[in-house]
There are 2 protein chains.
Amino acid sequence: MCAARSLPTFAATKRPRGRPRKTSQERNEGNRRQDIVKVAAKLFRRHGFNGTSTRDIACAVGMHSGSLFCHFKSKDALLYEVMWEGLRNALARQMIVLVAEHDAATTLRQLIRSHFDALLGPSSDFMHAVLYESRSLNTRQHNVIAKLQSNYEATWTPVLQELSLAGCLQVEVPLARRLIFGALNGSVRWFNPKMGMSIDALTDAVVDLCLHAPPANRA
Amino acid sequence: MCAARSLPTFAATKRPRGRPRKTSQERNEGNRRQDIVKVAAKLFRRHGFNGTSTRDIACAVGMHSGSLFCHFKSKDALLYEVMWEGLRNALARQMIVLVAEHDAATTLRQLIRSHFDALLGPSSDFMHAVLYESRSLNTRQHNVIAKLQSNYEATWTPVLQELSLAGCLQVEVPLARRLIFGALNGSVRWFNPKMGMSIDALTDAVVDLCLHAPPANRA
DNA sequence: CCTACCGATCGGTAGG
DNA sequence: CCTACCGATCGGTAGG
């Protein structure tokens, strides 16, 4: 899959001052690890974890095949790191929403928006792994990831509960939560920024689709 | 993954009359092919297409590794057949709903119910492949499957359109359709018959979540 | 981080 | 449908 390396390997020298010219081939920094994780996430998304070889990943960051294992002790340790990065990002965004302490309807809207940001923004490839590759983790890794994800989703429950009591949600909360997450998560499979649809418009759509006007607001 | 074959291979003899004793090891019928497709669907679901070897499949139906290729010319031809079987089933169910010609709300309800039946019933493993393994098809196979799936989903549009005009759907139809399919398709990942939830209750939930009462019905 | 290599397993085939 | 096998590729390692 990876046929040619575009650049020969230079010994790492002190970089010249002005004009960093940050190409993906440079290797003088400790963020090399992050490069690998990011590239791996992209390849895992395109070809699946089992459809991506460690050689593919190494090649895409300009290394030779065995060198990956200087940074990660195994292929699934790399997957674990990809998923952890995705969840860390999503959890961080969620936390920002929660500390604001708005009313339930506003909070839900912002949780949805925040989730779309995680799914469709720069961390999209990482979230794709979170959604579709947990099968390839070993038991210990899987437990950690599952717990994080479970906590992430559990946060929505009291918010939905409040809306349910207000009469804005017509379905029992645990089921509504699953259905809503299904609708949201499905967007990684069809959303394309080039569609010209904003994440704000998407968020509005979900709110309009799922949330009913409270009885008091009727005629 | 497959360590032992439980039974030796018997030459195919005429089966005795009474008591068919239809074990999966018997090989006197032309439905052997269907056995393979069904077993492959199950394994593809559990381990993914790339995580399942042709040896795993052969072993699970009691064959030796090379013998699979007497029935399928390649591994992805087998995947194609799995997916085709899933879509054929779903399209057949959908057709039954459409010929009944009910009002839009009833039709949508039955389309949802029919889709859940395809996703969560006996063809569940096949539909899982349809949803998650199309990446592993070659271009020609992919085109056929994508077209079938596209037709299947397009059928929902006029029904949703009618409900939108009646004021029961608060989101533009193409987007609503994607979100609803997301909510529905997500169920393959969490639904378990042992939860004690019926497909009817699930269907009701989706309708209650997404469909609003028409303005005429309000107080 | 590279070179050179390991044993295991992969999809698939020839010949019966 | 089995036996026996092919070349290719896999994740990972030793030694520098």
Side-chain angles (χ1 to χ4, degrees), chain A residues 1-5 7-13 24-36 39-40 43-44 47-82 133 136-138 141, chain B residues 1-5 7-13 24-36 39-40 43-44 47-82 133 136-138 141:
Chain A
M1 170 179 285
C2 182
R5 292 175 65 215
L7 292 182
T9 304
F10 298 111
T13 56
S24 63
Q25 258 72 22
E26 73 180 355
R27 63 198 45 177
N28 57 333
E29 319 225 334
N31 61 4
R32 203 84 185 100
R33 220 182 133 84
Q34 265 302 313
D35 293 346
I36 299 172
V39 157
L43 292 174
F44 290 163
H47 307 288
F49 177 76
N50 282 317
T52 306
S53 71
T54 54
R55 283 163 173 81
D56 294 334
I57 300 167
C59 181
V61 295
M63 288 180 179
H64 286 252
S65 63
S67 305
L68 261 194
F69 298 94
C70 300
H71 296 92
F72 301 89
K73 71 178 212 302
S74 65
K75 191 189 177 191
D76 51 280
L78 175 48
L79 172 61
Y80 175 77
E81 207 131 331
V82 167
E133 300 292 359
S136 293
L137 295 173
N138 67 38
Q141 294 164 336
Chain B
M1 170 179 282
C2 182
R5 293 176 64 217
L7 291 183
T9 304
F10 297 111
T13 55
S24 65
Q25 259 71 23
E26 72 178 357
R27 62 199 45 179
N28 56 335
E29 319 223 337
N31 61 2
R32 201 83 184 103
R33 220 182 133 83
Q34 266 301 313
D35 293 346
I36 298 173
V39 157
L43 291 174
F44 290 162
H47 306 289
F49 176 76
N50 282 318
T52 306
S53 71
T54 54
R55 283 162 174 82
D56 294 335
I57 300 166
C59 180
V61 295
M63 288 180 179
H64 285 253
S65 63
S67 305
L68 261 193
F69 297 93
C70 301
H71 297 92
F72 301 90
K73 72 177 211 303
S74 65
K75 191 189 177 192
D76 51 279
L78 175 50
L79 172 61
Y80 175 76
E81 207 132 331
V82 167
E133 301 292 0
S136 294
L137 295 173
N138 67 39
Q141 295 164 335

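Letters go in sequence order (proteins before strands), and every chain restarts at 1. Just so it is clear, the values below take in all heavy atoms, side chains as well, and ignore hydrogens, waters and symmetry mates. Values in this document were obtained by computation on a predicted structure and should not be read as measured data.
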Listed pairs, N/O of protein and of nucleotides 13-16 of chain C, under 3.5 Å:
none

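Ranking dG12(D), dC2(C), dG12(C) by closeness to the Met63(A) side chain, first place goes to dC2(C). Distance from the side chain of Lys75(B) is smallest to dG11(C) among dC1(D), dG11(C), dG12(D). Looking at the side chain of His71(B), the nearest of the listed nucleotides dC10(D), dC1(C), dC1(D) is dC1(D). Across dG12(C), dC2(C), dG12(D), the shortest atom-to-atom separation from the side chain of His64(A) is found for dC2(C).
Look at CG on Leu43(A): it is 12 Å from P on dG11(D), rounded to the nearest Å. Atoms CG (Asp35(B)) and C1' (dC1(D)) sit 14 Å apart, rounded to a whole Å. The separation between Leu78(A) atom CG and dC10(D) atom P is 15 Å, rounded to whole Å. Taking atom CZ of residue Phe49(B) and atom P of nucleotide dG11(C), one finds them 8 Å apart after rounding to whole Å. The distance from atom CG of Leu68(B) to atom P of dC1(D) is 10 Å, rounded to the nearest whole Å. For the pair His47(A) NE2 and dT9(D) C1', the computed distance is 16 Å after rounding to whole Å.
Side-chain atoms of Tyr80(B) and Asn138(B), non-hydrogen and from C-beta on, never get closer than 4.5 Å to each other. Asp35(B) is not listed as a side-chain neighbour of Val39(B), based on a closest heavy-atom distance of 4.5 Å or more. Residues Arg55(B) and Leu68(B) are not in side-chain contact: their nearest non-hydrogen atoms beyond the backbone lie 4.5 Å or more apart. For the pair Glu81(B) and Gln141(B), the minimum side-chain heavy-atom distance is 4.5 Å or more. Proximity of Thr54(A) to Phe72(A): side-chain heavy atoms (C-beta onward) are nowhere separated by under 4.5 Å.
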Tell me, what's DNA chain C's dot-bracket, Watson-Crick or G-U with both distances under 3.5 Å, | for other-strand, [ ] crossing? ||||||||||||||||
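Panel note: side chain Thr52(A), backbone His47(A); no donor-acceptor pair is recorded below 3.5 Å. Arg32(A) places a side-chain N or O within donor-acceptor distance of the main-chain N or O of Val61(A), the cut-off being under 3.5 Å.
A cation-pi arrangement is present between Lys75(A) and Phe49(A) under the rule of less than 6.0 angstrom and at most 45 degrees off the ring axis.
Between the CD atom of Glu133(A) and the CG atom of Asn50(A) there is a distance of 7.0 Å, given to the nearest 0.5 Å.
Contact between the side-chain N/O atoms of Arg55(B) and the OP1/OP2 oxygens of dG12(C) is not found at any separation under 4.0 Å. Within the 4.0 Å cut-off from OP1 or OP2 of dC10(C), at least one side-chain nitrogen or oxygen of Ser53(B) is found.
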